[in-house]
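Data block below; observations after.
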Number of protein chains: 6
Amino acid sequence: MDGVVDELSQPASYKDLCHEHHEGAPMPSAEALRGIVELLRSIIFPGFFGKSTINKDTLKYHIGVNVEHLFALLVEQIQAGLAFADYCNVAAYAAYNQQTIYTELHRMATDRAEKFIAKLPEIRRVLATDVVAAFNGDPAAKTYGEIISCYPIIKELTIYRMAHELWLLDVPLIPRMLTEMAHSETGIDIHPGATIGEYFTIDHGTGVVIGETCIIGKNVKLYQGVTLGAKSFPLDANGNPIKGIPRHPILEDDVIVYSNASILGRITIGKGAVIGGNIWVTQDVPAGANITQKK
Amino acid sequence: MDGVVDELSQPASYKDLCHEHHEGAPMPSAEALRGIVELLRSIIFPGFFGKSTINKDTLKYHIGVNVEHLFALLVEQIQAGLAFADYCNVAAYAAYNQQTIYTELHRMATDRAEKFIAKLPEIRRVLATDVVAAFNGDPAAKTYGEIISCYPIIKELTIYRMAHELWLLDVPLIPRMLTEMAHSETGIDIHPGATIGEYFTIDHGTGVVIGETCIIGKNVKLYQGVTLGAKSFPLDANGNPIKGIPRHPILEDDVIVYSNASILGRITIGKGAVIGGNIWVTQDVPAGANITQKK
Amino acid sequence: MDGVVDELSQPASYKDLCHEHHEGAPMPSAEALRGIVELLRSIIFPGFFGKSTINKDTLKYHIGVNVEHLFALLVEQIQAGLAFADYCNVAAYAAYNQQTIYTELHRMATDRAEKFIAKLPEIRRVLATDVVAAFNGDPAAKTYGEIISCYPIIKELTIYRMAHELWLLDVPLIPRMLTEMAHSETGIDIHPGATIGEYFTIDHGTGVVIGETCIIGKNVKLYQGVTLGAKSFPLDANGNPIKGIPRHPILEDDVIVYSNASILGRITIGKGAVIGGNIWVTQDVPAGANITQKK
Amino acid sequence: MDGVVDELSQPASYKDLCHEHHEGAPMPSAEALRGIVELLRSIIFPGFFGKSTINKDTLKYHIGVNVEHLFALLVEQIQAGLAFADYCNVAAYAAYNQQTIYTELHRMATDRAEKFIAKLPEIRRVLATDVVAAFNGDPAAKTYGEIISCYPIIKELTIYRMAHELWLLDVPLIPRMLTEMAHSETGIDIHPGATIGEYFTIDHGTGVVIGETCIIGKNVKLYQGVTLGAKSFPLDANGNPIKGIPRHPILEDDVIVYSNASILGRITIGKGAVIGGNIWVTQDVPAGANITQKK
Amino acid sequence: MDGVVDELSQPASYKDLCHEHHEGAPMPSAEALRGIVELLRSIIFPGFFGKSTINKDTLKYHIGVNVEHLFALLVEQIQAGLAFADYCNVAAYAAYNQQTIYTELHRMATDRAEKFIAKLPEIRRVLATDVVAAFNGDPAAKTYGEIISCYPIIKELTIYRMAHELWLLDVPLIPRMLTEMAHSETGIDIHPGATIGEYFTIDHGTGVVIGETCIIGKNVKLYQGVTLGAKSFPLDANGNPIKGIPRHPILEDDVIVYSNASILGRITIGKGAVIGGNIWVTQDVPAGANITQKK
Amino acid sequence: MDGVVDELSQPASYKDLCHEHHEGAPMPSAEALRGIVELLRSIIFPGFFGKSTINKDTLKYHIGVNVEHLFALLVEQIQAGLAFADYCNVAAYAAYNQQTIYTELHRMATDRAEKFIAKLPEIRRVLATDVVAAFNGDPAAKTYGEIISCYPIIKELTIYRMAHELWLLDVPLIPRMLTEMAHSETGIDIHPGATIGEYFTIDHGTGVVIGETCIIGKNVKLYQGVTLGAKSFPLDANGNPIKGIPRHPILEDDVIVYSNASILGRITIGKGAVIGGNIWVTQDVPAGANITQKK
């Protein structure tokens, strides 16, 4: 066994696979992120999540405590993400000591967490429209409460809408960790960089992929197995993919996409268009069009 | 931060998103439901799940304790579900106090739990046929024991067959919570309202959707990515979907559906028909037919 | 309730569904296997997983402790798997006592665990190529660290490559339990018997199925929803599927398969071929070919 | 083993040792009581206990949530205590069903819990005097904060003063369970029925016993090993001890009792008296007296 | 830090302080012993401990499961204790391999555990007398149930009476670990080697010491702070104490010893004698005598 | 309830009872301190504590990991203690921001933790002498291993000797929290400020008190119930006790003190003196003297 340990401890063997931590800068924690998601759910949907029972007289106490706790966890995790992505450029700061870097990272993280907290009322407002969309889209649903407590699309969107705000605030790594947690739980893979309007829903959800540069309007509905992906991506002079180019579709308001359809590339699906199941779309679709599989 | 807390505590902002609890009536608990599933698995498949080792001399003690514990958890959770769905109609009971409502909910829950417990032997009998079907359908399987301990379809069906019995007993919310737990774990989304016969199996499973009003005969086999869905649904005068209409397919005995096929609407796939992969079926298919993708 | 307990305790009712344990031979434990996966991740990718922070001076202590702990857990779980599959043939050993069987199982398990530990450096080397493949294949990825900490394909391959080595060492049950754990987490279902070369990646991943007898070359890329499956399987004289026959495709080096394509049967996809999305392939494809859906 | 199980299951063998539960009436829970103590500590001494950090802006949210949680736990545990002690006299209620009894017990428990919550400000006020007494009595103490976070006497008195209020509210069993928890933690055994004035302290604490009918004035200080006990107790006609007779000492204000002294019987130690260590007192002691061990 | 690690890893520095484990022979586990105590309490006092509610119809299932679980834990822990004390004399077994030693230890442990299980009904019978003694001895006690659920003496005696049986069965280390757990919880230190008759009680308990070779008759009552100890012990030729010589007192039936009295050496306190508080007894006391502190 | 919350939230009501945290400066954590104690035990006594089995080949890995982990926890907890005691004098630092204070506290804590780690080999050396003393002092002990794994005095001294080193390093609060944890577990109350030589033991332990300014030589033995306390303490002009004055006894080498004796005040018990049980000593005792209770 000693030989194996020696071999695995050779720097050459773990180059690129090892993350050396700066002092006081642990990796972002999946467990803490799960705590953050739980708190967010408790705040957005009072009485549905969290261990406490709720009545209107004491609701404010609970929201106060949960928002404070969420803020503290966010500062900690955002700071870990900033350290991971080396937002302070440790090499450039060589003249300074670890604590100076820590101080700067902490200031950056606090600033971003404060801005996120200020977005909470708007996040709740939009999620309320998503609940309506899910309810209207499923004849099997009996109450809003059933949607909120059971439906994977609401679990997914609660996390996605949080992750997207953090993405806009230039928080590294955390948004991707959050959406991969949601992906694992629901089978729906929405990149935090995607832009999605109000009253959005996905029926059943499993197997849906929505890429980084997608732009989705209001009142759009997808079914299971839909891909909004890239067709191909240009390589740079070294043969590496060029990062950050718009390469995923734009869906305008009121679009419906049926199960297992694939819409690929920076194309536009016009307002109110309907894309049938199991088909492969790589060209613009005009507003109001109805595209189905050939037989 | 105080401003955000105030805003989030405004009743207008959480209308429809807040669940106010009646006294003594917490939300159904995902953790308790996981405990219920663990107990069910221990009872149906002795020795495969649960922490204890099993021998035939002491098996009855274990089943006795597990059935008693399952009953107690079911009463508690069914009661929480009934309270959530307001089965006692709190407004109508206005003349009575909370405890009267509690008493009535408790009686309803106990009655349903007793009826469920009486179904356990039949649930075990049918799951035994599902194990046989999974084994016969997969050349990679070596023993029944491997099927029971590893295969997602058995995890899914154990939960679905429980949830379906609770659905038939008019237990609200809990059946949907259970099948969404299974959906998250296996990627297979079976609505608890669907009716599914003996010797059922799904190979690989991920991405399968089986809708609320499906009726599936005996000895049916599906592959990954299959949808048994609705084609569309009628709206009522207010533009809302009409709930509860039969809108999903009927699959008669001995049907096979290959991967990623979509069968949509209240159509009938006749006895012994074979539906090929990646195709879209919206019309009745006669018994014995073999439908494949056009090339 | 007593009647139900009696009925559930009748041997006839649990025949084939009950696993009676030999003394000192519990079922393999899902919890222990999760611990094994955590340790493997800590060893392969130091500093990304596990609770400790890492610096180069103390890294060897951590790897030493983790390898020792991994070895102990593996011996225990492999032994449980061997007992489950009755590798000692309890009937044949009838002349011996339980402890003799235990001793022999323990020797077998220790031998397999030692051989697995010796494979760790090679497993790390191959996973490093998979990280490169995932990074090169996704313009949305910013660093190797993001790939290692977030991407489902790396979670999946870490488990698959471990499970495959255990499969080659003739460890029963455990490899399947491991890959089903990964399947549940990522929606990617790779059978531990499949053979997969270096620089392998799957984009998004959900809904991919790779069968037991697949052989995949180097530098292959798949997208979500791809099936590498069997077309059909021959039955023996009793109507049961014949186990172990090669029945899944061979993908040579540099093949790309787009989303939701199904490649079925023991066919060969030649070097550098590209298979388009949503199509169904049941015939050999020559090297360099480009197959797409007909419109 | 079966024989032993049969024997242990004979009602004759567990008569008087078995507690049969009424439906919906579990035993009071030591774990829940520990939760109650944690909440009380968080409320009385904000910022010293509990996981949250505290600042003055958000303190009210925390106290609100903690008081609500404490109330809910108290109702549940007091109800369990009332059921245990059969405060509804199940036999007498024979005409009624279980739920009627449950309803009545719940009402009784809610009433007592409300009265206890109203006492919280007074409990805090008195504990503040105990902190001062402990600080003044120990030259080794540097700050009030050290007293609050470390000293066993404050852990003990926090529980005792709560238990005593519950005792006065005629809550059965729970006060004794609470003081025995404190006894186990600190080695100080104060009966919840004892009456103890402000500014009370015990130095070191271990081995102190304060009996049920003790009455202790203000500003009293004890040392380790002191007993305030009963000398003997009268038996009734059946030879059983008569319950509830005053049989423990009265200590007036400003008394000091040094280590390992025993004061026994319903005697009075007058204001300001000092009792030396290791002595045995069974007679009244006048105010201001100084009693020491003979040499 | 490396220097410290090197120094602490020198065999010379940890000689006598290090316990090297034989393969498959971990240390006895304090956590497992706590589990054993919980099971014992559940079996002896049904309905008072353990999470389940109890009714007479299902009691036998619970006792069956608990006895089986207790047996399994005992085998495991006794085996660990035997390995710790080297009951197989690893040196003498040098000709054999580890597994042979393991097999023999397992046989020894199983035999002792079976004998202990057979003692359970007698342990319950004697503890029932201790409950009566505690109740009769304390006017503050209202019911047997209060004694069983709160009183430290019953917690102590449940563990002591178990530990004493294991001591008689020549189980090493475990009895001492058990009584030290009880000592820590209650402040009462009874050596497992002591012999104690029926109807035994200690009022308040804290600070009581009962030595290894004490013999205590029936119906004896002690108060807090009592020592039944050794006066001195002879040394052997090397100046080491000679182990195992009777050196603690004998208390005959019906003796009462008041608080903080010390009775030292192999003396006999005759039937019905009463020893007053705070005194020091090193000579035999005749039956019926009443010894008190001189004033 | 709202009224109570308001009242409890009035600053006047929690003055002196509330600890307001500086940002990034939580209270020292009892749970973290328990982790520190566990790590210390694993390092000092390899193989007796902690979950891993130990063999000589891998011991160094374990010690390396444990020492690193101990160091990290110590830095965190010492920093919390320094913040609690306001070692940076927040008022004086008013010109600086929170992070500057944090940086300075972190530097102070790191320095102290490093110095403590360097003391580990000496702590082990002295504890090895205490194990010998406990073994020689108890004829009931069979092996050193039994002493290390069961005896309260070793649990106590492991914590005391650590706490005393931290006390010498001017770490606030933590040493007292540690010794109170030990006090609660063992009933032995040793102040971390006391000085205690090698080969120290206490038989049985419960109820022993050793004050802050005690000085104890080598090879001293105490029995249960012994107090080494202060007789009285001078007050300052305000009537408050003067802190820090030597006021507890000095015990020279080879002293023995029997059970329940109290030695009070700054007196000296000369080399080799023996103090009998249950007596009260407030004067110097010459070397070699033998003091017993008068009869």
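Naming convention: chains lettered A, B, ... in sequence-line order (proteins, then strands); numbering from 1 in each chain.
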Hey, are the side chains of [X] and [Y] touching, using non-hydrogen atoms and a 4.5 Å cut-off?
X        : Y        : answer
E:Ile148 : D:Leu17  : yes
E:Ile279 : D:Trp280 : no
D:Ser9   : E:Ile63  : yes
D:Ser262 : E:Tyr258 : no

**Q.** For E:Pro121, all residues meeting side chain to side chain contact (heavy atoms under 4.5 Å, CB included), sequence neighbours excluded
**A.**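 Only D:Val4, D:Glu7, D:Leu8 meet the side chain to side chain contact (heavy atoms under 4.5 Å, CB included) criterion with E:Pro121.
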(Q) Which heavy atom of E:Ala140 sits nearest to which heavy atom of D:Glu212, and what is that distance? (A)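 Shortest heavy-atom separation between E:Ala140 and D:Glu212 comes out as CB-OE1, 3.1 Å.
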Q) Where do E:Ser149 and D:Phe84 come nearest, in terms of heavy atoms and distance? A)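 Where E:Ser149 meets D:Phe84 most closely, the heavy atoms are OG-CZ, 4.3 Å.
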Interatomic distance, [X] atom [atom1] to [Y] atom [atom2] [nearest 0.5 angstrom]:
X        : Y        : atom1 : atom2 : answer
E:Asp203 : D:Asp189 : CG    : CG    : 8.5 Å
E:Lys142 : D:Leu173 : NZ    : CG    : 9.5 Å
E:Ile147 : D:Asp16  : CD1   : CG    : 12.0 Å

Contact class of [X] relative to chain D, heavy atoms under 4.5 angstrom:
X        : result
E:Ile43  : side chain
E:Asn260 : side chain
E:Tyr144 : side chain

Q. For chain E, which residues of residues 156-170 of chain D have at least one non-hydrogen atom nearer than 4.5 Å to it?
A.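 The list, in residue order, reads D:Trp167.
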Output the option from [options] having the highest count of non-hydrogen pairs under 4.5 Å with chain D.
options                      : value
E:Tyr223, E:Phe71, E:Phe135  : E:Phe135
E:Ala118, E:Ala141, E:Gly137 : E:Ala141
E:Ile44, E:Asp138, E:Asn136  : E:Asn136
E:Gly225, E:Ser259, E:Gly187 : E:Ser259

Q.
Between D:His191, D:Gln10, D:His183, who has the most heavy-atom pairs with chain E when the cutoff is under 4.5 Å?
A.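 Top count of heavy-atom pairs under 4.5 Å with chain E: D:His183.
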Q. Which of the residues D:Asp6, D:Thr213, D:Ile188 is involved in the greatest number of heavy-atom pairs with chain E at under 4.5 angstrom?
A.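 So the answer, after comparing D:Asp6, D:Thr213, D:Ile188, is D:Asp6.
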(Q) Applying side chain to side chain contact (heavy atoms under 4.5 Å, CB included) to D:Tyr14 and E:Leu59, what does each step give before you reach the verdict? (A) CA-CA 11 Å; D:Tyr14 59 72; E:Leu59 183 58; 3.1 Å; yes
**Q.** Under 3.5 Å: donor-acceptor pair, side chain of D:Ser184, backbone of E:Glu185
**A.**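 Flag set: sc D:Ser184 to bb E:Glu185 pair under 3.5 Å.
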Q | Backbone N/O of D:Asn278 and side chain of E:Asn278: donor-acceptor pair under 3.5 Å | A |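 Pair found, side chain donor or acceptor close to backbone of D:Asn278.
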Q. Under 3.5 Å, is there a donor-acceptor pair linking the side chains of E:Arg125 and D:Ser13?
A.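 Side-chain D/A pair, E:Arg125 to D:Ser13: absent.
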